[in-house]
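Take a look at the structure below.
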Amino acid sequence: MTHDPAEHHNNPSPRQTAPKADAERGQPLYLEGLNPPQREAVLKVEGPLLVLAGAGTGKTRVLTTRIGHLIASGHVRHPSQILAVTFTNKAAREMQERTSRLLGHPVEGLWIGTFHAICVRILRRNAELAGLNSNFTILDTDDQIRLLKQLLAAENIDDKRWPARILASLIDRWKNRALSPEQLPGDETQAFANGLGGKLYAAYQARLQTLNACDFGDLLLHVIRLFQKHPDILAQYHRQFRYILVDEYQDTNVAQYLWLRLLAQNTGGAQPAKHNICCVGDDDQSIYGWRGAEVGNILRFSQDFPGAEVVRLEQNYRSTGHILGAASALIAANEGRLGKTLWTDAGNGEPVRVSGVWDAPEEARAIGDEIESLQTKGHGLNDIAILVRAGFQTREFEERLITLGLPYRVVGGPRFYERAEIRDAMAYLRVIAQPSDDLAFERIINVPKRGLGSAALQKLHGVARQHSLPLTRAARHPDLMDQLRPQARRSLTGLMDDFDRWREALATENHAHVTEMVLEESGYTGMWQQDKSPDAPGRLDNLKELVTAIGEFENLAGFLEHIALVMDNDENDEREKVSVMTLHSAKGLEFDTVFLPGWEEGIFPNQRSLDEAGLKALEEERRLAYVGLTRARQRAHIFFAGNRQVFGQWQASLPSRFLDDLPVTHVETDTAQGLYGNSNRAARGGWGSGSWGDADDSFADMANTAPYEAKQDVSYGDDKYGPGWKRAQSQLQKTHKRRAPVLTQKAETTRTVSPFAVGERVFHDKFGYGTVEDVEGTKLLIRFDKAGDKRVMDQFVKSADTV
DNA sequence: TTAAAATCGCTGGTC
DNA sequence: GCGATTTTAA
């Protein structure tokens with residue numbers, strides 16, 4: 001997916017070449033085609049180095065070339081002396097692959113991975129020192145929340161008023177700051193449930209310990225404590241890691257920063273102290289503050305690592321001049337930047353386009369149409385992306401793309417292992433691998449239904465607590481047997497016997513085969529076979545896929561770890577598709593054409609962020625806008641809608657303040673749709689004001705009898721300053737107040753009864769044949785033969801016998 | 001204990 | 001406007 005921009009522009013030759021010295025120039029081939037700062041970033045291997053890499057300046061190329069250089073030039077005796085840390089598995093994979101490609105052979109032994117994956121590796125080796133068994137379980141957010149719910153219940157705290165996931169995010173934030181329960185500042189322990197926050201955090205940690213489990217935050221914290229308490233172990237890693245590389249340094253949180261400092265700051269001893277740490281990042285692309293990232297880390301780098309050098313990569317190989325111009329002006333409105341000036345020698349290209357539309361559906365229609373027209377002009381769908389601020393916005397585009405028959409992918413949708421059936425199957429395996437995994441056991445004790453409901457579970461918990469036993473042990477306890485009804489008793493001992501048998505089978509048989517056996521004998525697959533719901537077959541397919549995936553691992557434990565830390569949706573479908581995703585998940589990617597819908601106050605900048613963190617959040621939102629714009633190679637097209645449904649309610653919206661920051665010289669209003677008519681932003685002193693005045697024509701179809709006469713009551717054109725948003729916005733507000741009823745009228749005059757009847761056979765371009773299950777006005781619930789149940793507007797289906 | 005009905009609350013997201 | 005969760009009825 002991600003392409004190295006430099007690959008397209010300044011180094012067309014294949015790079016499979018082995019790194020032998022170019023005799024004539026006396027330098028390794030892999031340095032060819034690097035610009036001077038890039039080269040410096042690769043060659044400066046000793047001492048701390050910060051590489052400030054602007055968007056599209058060849059950051060990944062520098063990182064991989066640097067690793068290749070360390071290996072090829074003999075700076076390290078073995079790749080395992082290099083530690084390369086990333087934030088995502090994808091980035092780690094990409095770096096591994098590209099380093100191998102650069103060197104011409106697979107690189108083995110390199111320590112490359114996410115912070116968490118590397119921590120697990122260190123922690124498994126030294127688990128006892130952290131009070132864990134080396135086969136500890138890694139809990140995901142789901143497990144975490146269920147555990148916290150139990151703790152809240154135990155403390156008699158109303159989880160309506162104090163929801164478990166709020167506590168979870170609180171604990172998460174503490175862990176991001178590397179704070180253990182006893183280190184919490186006094187006032188922060190008060191943060192939850194009238195002062196019980198700190199106590200609950202401590203209880204949670206204690207519970208994790210007894211469960212032999214870690215959450216994601218713990219992985220880092222345990223390793224930090226380990227290093228702090230056992231200098232000998234830290235020294236061992238100091239000896240091993242001669243060179244440390246960090247990707248996306250601007251995204252590190254306090255815990256990750258401490259972790260890196262411990263590893264990078266070899267404080268002496270027999271070995272000479274060296275801080276060979278190279279951090280690559282871009283303060284302008286710091287968009288994870290809400291997740292605990294500290295931009296301060298990158299801003300402070302030179303103080304933290306004395307003698308640090310800073311290299312700036314500023315030549316952009318990705319975007320056109322207009323796109324860079326607009327993006328640079330936008331980000332310049334932020335304060336507290338390290339400062340970079342991106343430039344390109346690739347020419348100006350097309351200006352960034354900005355279009356105002358009436359409402360969200362029209363926005364989707366406009367983008368859909370434009371994609372179709374790009375497609376007819378021969379543009380590949382893979383090179384087109386729609387980047388939204390928030391996940392829920394993807395829906396309107398999905399619907400539109402489906403009706404247009406344009407294939408698309410939603411990046412960052414629900415993941416394979418987040419599906420219920422996968423988590424259920426995993427729970428079985430977890431109990432087999434680790435009988436004390438109470439959370440897993442609880443999940444499947446009555447799945448499929450075996451008559452062990454809440455009553456039985458409560459008794460089980462009682463006995464377990466009384467005797468301090470894991471649930472699976474308590475399940476055999478005579479005390480419990482006395483309490484349960486015969487039926488439940490039989491059912492529970494049967495299940496326990498099953499687990500014993502499966503555990504034995506695992507010792508002798510292939511683990512993939514055992515998995516199949518477990519799913520079959522537990523009645524789990526049977527449960528889905530019985531299930532009449534249309535997604536049941538899909539779930540069975542997923543289970544099959546799970547078994548296949550397990551087969552690819554050496555053992556069950558290896559698989560369980562993989563799924564917790566690494567597994568993501570692998571797209572094996574090769575077809576060309578439009579990408580739809582959030583701005584956050586677009587970071588690091590690039591596309592020829594980028595659509596940026598929803599640039600409206602409240603949505604972007606996001607109101608919730610602003611409420612939480614004020615100006616700091618506004619700057620982060622602006623960086624997000626910057627990230628969005630700089631994803632585009634050739635074309636960026638921004639949209640804002642005047643009306644949008646929020647939680648099912650129509651609401652008027654105002655153009656985003658970020659539009660103010662876009663300089664006139666790099667932006668063009670969308671005249672193609674006639675939205676702006678003869679208005680010209682430069683001449684009229686603010687395209688926003690002009691745009692709505694001329695809106696009548698284009699919205700004529702929506703506003704049948706629009707009582708809207710903007711031209712009469714809006715006077716402008718004498719504005720000498722830049723975009724006159726403030727005024728435009730106040731006009732818009734008036735406008736919307738009067739326009740709102742028009743929508744209602746429209747809804748009332750629209751046909752409300754569908755020509756289709758329940759039971760009728762229909763055909764849909766995308767979903768194929770199906771039967772109408774329900775009719776609600778013009779909306780149909782259709783049970784498709786292949787695609788399952790969908791809600792579809794009747795206009796998108798035809799009667800089956802007319803096809 | 002289970003299934004249907006009603007209510008709630010949300011929608012920035014990696015590991 | 002939807003899905004998850006909780007409440008209610010059987």
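Being a predicted model, the structure only gives us computed values, none of them experimental. Here is how names work: the chains are called A, B, and so on, in the same order as the sequence lines, proteins then strands, and each is numbered from 1.
Nearer to the 5' terminus of DNA chain B, by closest-nucleotide assignment, is the contact made by A/R485 (compared with the other of A/R608 and A/R485).
A/G451 comes within contact range of the sugar-phosphate backbone alone, with a heavy-atom separation under 4.0 Å but no base atom that close. Within the 4.0 angstrom heavy-atom criterion, base atoms lie near A/F216. Across all strands shown, A/R165 has heavy atoms under 4.0 Å from sugar-phosphate atoms exclusively, and none from any base. Backbone-only engagement by A/N446 is indicated by non-hydrogen atom pairs under 4.0 Å involving sugar-phosphate atoms exclusively. No contact: A/Q393 has no heavy atom under 4.0 Å from any strand.
Under 4.0 angstrom from either OP1 or OP2 of B/dT14 there lies no side-chain N or O belonging to A/N253. Applying the 4.0 Å criterion to OP1 and OP2 of B/dC15, one finds that A/R291 has every side-chain N and O outside that range. Within the 4.0 Å cut-off from OP1 or OP2 of B/dT14, not a single side-chain nitrogen or oxygen of A/T114 is found. Between A/N89 and the phosphate of B/dC15, there is a side-chain N or O to OP1/OP2 separation shorter than 4.0 Å.
Between B/dG13, B/dC15, C/dC2, one nucleotide has an atom nearer to the side chain of A/R395 than all others, and that is C/dC2. Looking at the side chain of A/T582, the nearest of the listed nucleotides B/dG13, B/dT14, C/dG1 is B/dG13. For A/W290, taking side-chain heavy atoms from C-beta onward, the closest of the listed nucleotides B/dT2, B/dT1, B/dG13 is B/dG13. Residue A/L565 has its side chain nearest to B/dC15 when only B/dG13, B/dT1, B/dC15 are considered. Of the candidates B/dT14, B/dT1, B/dC10, B/dT14 carries the atom nearest the A/T88 side chain, counting heavy atoms from C-beta on.
Using a cutoff of 4.0 Å between basic side-chain nitrogens and carboxylate oxygens, A/D359 and A/R644 are not scored as salt-bridged. Salt bridge status for A/R623 with A/E620: present, with a side-chain N to carboxylate O gap under 4.0 Å. In summary, A/D140 and A/R423 engage in a salt bridge, as defined by a charged side-chain N under 4.0 Å from a carboxylate O.
With rounding to whole Å, A/E248 atom CD is found 16 Å from B/dG13 atom P. Atom CG in A/D218 sits roughly 18 Å away from atom P in B/dC15 (whole-Å rounding). The distance from atom CZ of A/R644 to atom C1' of C/dG1 is 15 Å, rounded to the nearest whole Å. In this entry the distance linking CD1 of A/I138 with C1' of B/dC15 reads 9 Å, nearest Å. Summarising the geometry, the separation between CD on A/E612 and P on B/dC10 is reported as 11 Å, rounded to the nearest angstrom. The CD-P distance, from A/Q144 to B/dT14, rounds to 15 Å in whole Å. In this entry the distance linking CG of A/L583 with P of B/dG13 reads 9 Å, nearest Å. What separates CG of A/L492 from P of B/dT1 is a distance of 13 Å, to the nearest Å.
Remark: aromatic rings of A/W174 and A/Y201 are close, center separation under 6.0 Å.
When every heavy atom of A/R225 is checked against every heavy atom of A/L179, the shortest pair comes out as NH2-C, 4.4 Å.
Not counting sequence neighbours, the partners of A/R177 by the side-chain hydrogen bond (donor to acceptor under 3.5 Å, both in side chains) test are A/E188.
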